[in-house]
Number of protein chains: 2
Amino acid sequence: MRKDSTKRPPKTDEKKAAAPRRRLRAVNREQQIVDEAVNFFAEKGFSGQTRELATRLGITQPLLYRYFPTKRDLIERVFDEVYLNRESPDWSSLLTDRSRPLHDRLCDFYGSYSEMTYRYEWIRIYMFSALMGEKLNRRYIKIVEKKILTPMCAELRDYCGQPTIEEKPIRQIELDHIWVIHGGLFYYAIRKHIYHSRVSKDFAAIVSRAVAVMLAGSKAVSAELETND
Amino acid sequence: MRKDSTKRPPKTDEKKAAAPRRRLRAVNREQQIVDEAVNFFAEKGFSGQTRELATRLGITQPLLYRYFPTKRDLIERVFDEVYLNRESPDWSSLLTDRSRPLHDRLCDFYGSYSEMTYRYEWIRIYMFSALMGEKLNRRYIKIVEKKILTPMCAELRDYCGQPTIEEKPIRQIELDHIWVIHGGLFYYAIRKHIYHSRVSKDFAAIVSRAVAVMLAGSKAVSAELETND
DNA sequence: CTAGTTATTTATCATCTGATAAACTAGAGG
DNA sequence: CCTCTAGTTTATCAGATGATAAATAACTAG
């Protein structure tokens, strides 16, 4: 907008940070755009407008199109940035390390998992894209079921003295049961970042309690069912 | 639904149900628009376009504006339709009826609650509006905490032989703990209607198991904590 | 200091989209 | 069959919005 580009360093800096409008190297500008786009789309959803995004960046809207041919391309890039470009810890091994109590493993897992995914941008972009029917989500869920929930089922079986998953494959109902606690903890992030509810700061305490209850309860119920199942 | 009321039975019915375009009384048309809008916005989100909605209804777009001054007004009406216009059962009393086992009460509650809210339109419109930052959601959550979760906490206290909520008020952490199972069960609907995941049909079985585990686990953990809390 | 490269802006399009006004007509009442 | 009411359509607008092309200017190399 304001085009005082000449050499005078704009001491003004009026109300909206009248950017000195320096040039960036292509690579840096691109990353800057992606970073801001992640924030922007997390907040506004994917119907957020390119002009508003550009304004936030302090650049003009057509500049976006130098780096991304279409808005859709930018969105794809945002997905990559949030879901793919970051390597995830080896959660399977963390979960299946039977030298440690299952309670501790689960608490550690959710500590690590929440740090990575229970973030404002992650949660919201995930939900927006799910509502849009992006394939991304289904793929992600497949991974979660395979790398996280199935191992958990196996550990829970062991914990309750039930058959291994080799002896008796995991049933949908077991997966759904694990989804209740997994989803219940995830829901903490939904309440925080999507509903903007007041939630207690101490997520670790919530996890510890939920895990303890789940383990104790599972053992009790499992023993009970032993007879009639 | 079919409205070929005029004398000529349109044998055409070409590709898009070339509606006979009958007139409706204002009240009926309005209701028809609202009904379809609920479906439409649930599917597309609130950035769905009025023209497309009109096409689905087999009417022209300006006709919408005879019944609703602005798109926003229509959306508000959709909110009313989905969240307010339906009277909800008296869940508090169902939950606090101590003449019945808590397990049964909770199972019945979730049977009733899920029937009402775990629906395609309800879930999706709820999530869309939450992402938009509508006040509606926060209001709804307040109600849930007051009418459902707080009673649940009270019953759980009683079940575990802990102080009543009059003796010792509910803490945020207790509410958050109940949110884990409540949200975990709600997450079933999210997986079904937002993620389009395959979930087991038998939701009652999931509830029964989750409730049983939660109750048994809470009792066990509560007894354990008795000493050091 | 000059010239060349390329990051960035200005100007502009075509289409979409919410909204309005006026013309039209189905159907009820007489 | 006529007439009037009100439900519906046609035509159209203004602003928004994704995208493009050409002009401009910041930085770099020589």
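To find a chain, count down the sequence lines: A is the first, B the second, and so on, and within it residues start at 1. Nothing here was measured: the structure is a model prediction, and the numbers come from that model.
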Measure the distance from [atom1] on [X] to [atom2] on [N] and round it to the nearest whole Å.
| X | N | atom1 | atom2 | result |
| --- | --- | --- | --- | --- |
| A:Gln61 | C:dC13 | CD | P | 15 Å |
| B:Ile59 | C:dA26 | CD1 | C1' | 16 Å |
| A:Asn28 | D:dA26 | CG | C1' | 15 Å |

(request) Could you check B:Phe46 against B:Phe79 for ring pair (Phe, Tyr, Trp, His ring centres under 6.0 Å), going step by step and ending with a plain yes or no? (result) CA-CA 11 Å; B:Phe46 297 107; B:Phe79 287 152; 5.4 Å; yes
Could you list the donor-acceptor pairs under 3.5 angstrom formed by side chains in residues 180-189 of chain A, with sequence neighbours left out?
| unit_1 | atom_1 | unit_2 | atom_2 | d |
| --- | --- | --- | --- | --- |
| A:His182 | ND1 | A:Tyr110 | OH | 2.6 |
| A:Tyr187 | OH | A:Tyr195 | OH | 2.8 |
| A:Tyr188 | OH | A:Ser200 | O | 2.9 |

Side-chain ion pair, [X] and [Y], N-O less than 4.0 Å:
| X | Y | result |
| --- | --- | --- |
| B:Arg124 | B:Glu43 | no |
| B:Asp176 | A:Arg191 | yes |
| B:Arg72 | B:Glu134 | yes |

(message) With the threshold set at under 4.0 Å for non-hydrogen atoms, list the residues of residues 69-77 of chain A touching DNA chain D in residue-number order.
(response)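 Only A:Pro69, A:Thr70, A:Lys71 qualify.
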(request) Scan residues 43-52 of chain A against DNA chain D and write down, sorted by residue number, each residue with any heavy atom closer than 4.0 Å; if none is found, say none. (result) A:Gly48, A:Gln49, A:Thr50, A:Arg51
(message) Applying salt bridge (charged side-chain N to carboxylate O under 4.0 Å, His left out) to B:Glu30 and B:Arg77, what does each step give before you reach the verdict?
(response) CA-CA 10 Å; B:Glu30 182 175 325; B:Arg77 186 78 164 68; 3.7 Å; yes
Hey, is the side chain of [X] poking within less than 4.0 Å of OP1 or OP2 on [N], counting only N and O atoms?
| X | N | value |
| --- | --- | --- |
| B:Tyr67 | D:dG7 | no |
| A:Arg23 | D:dA25 | no |
| B:Tyr65 | C:dA19 | yes |

(request) Can you establish whether the number of heavy atoms outside B:Arg56 located under 6.0 Å from its atom CZ is more than 12? (result) yes
(request) For atom CD of B:Glu115, decide whether the heavy atoms of other residues, nucleotides or ligands shown that lie under 6.0 angstrom number more than 12. (result) no
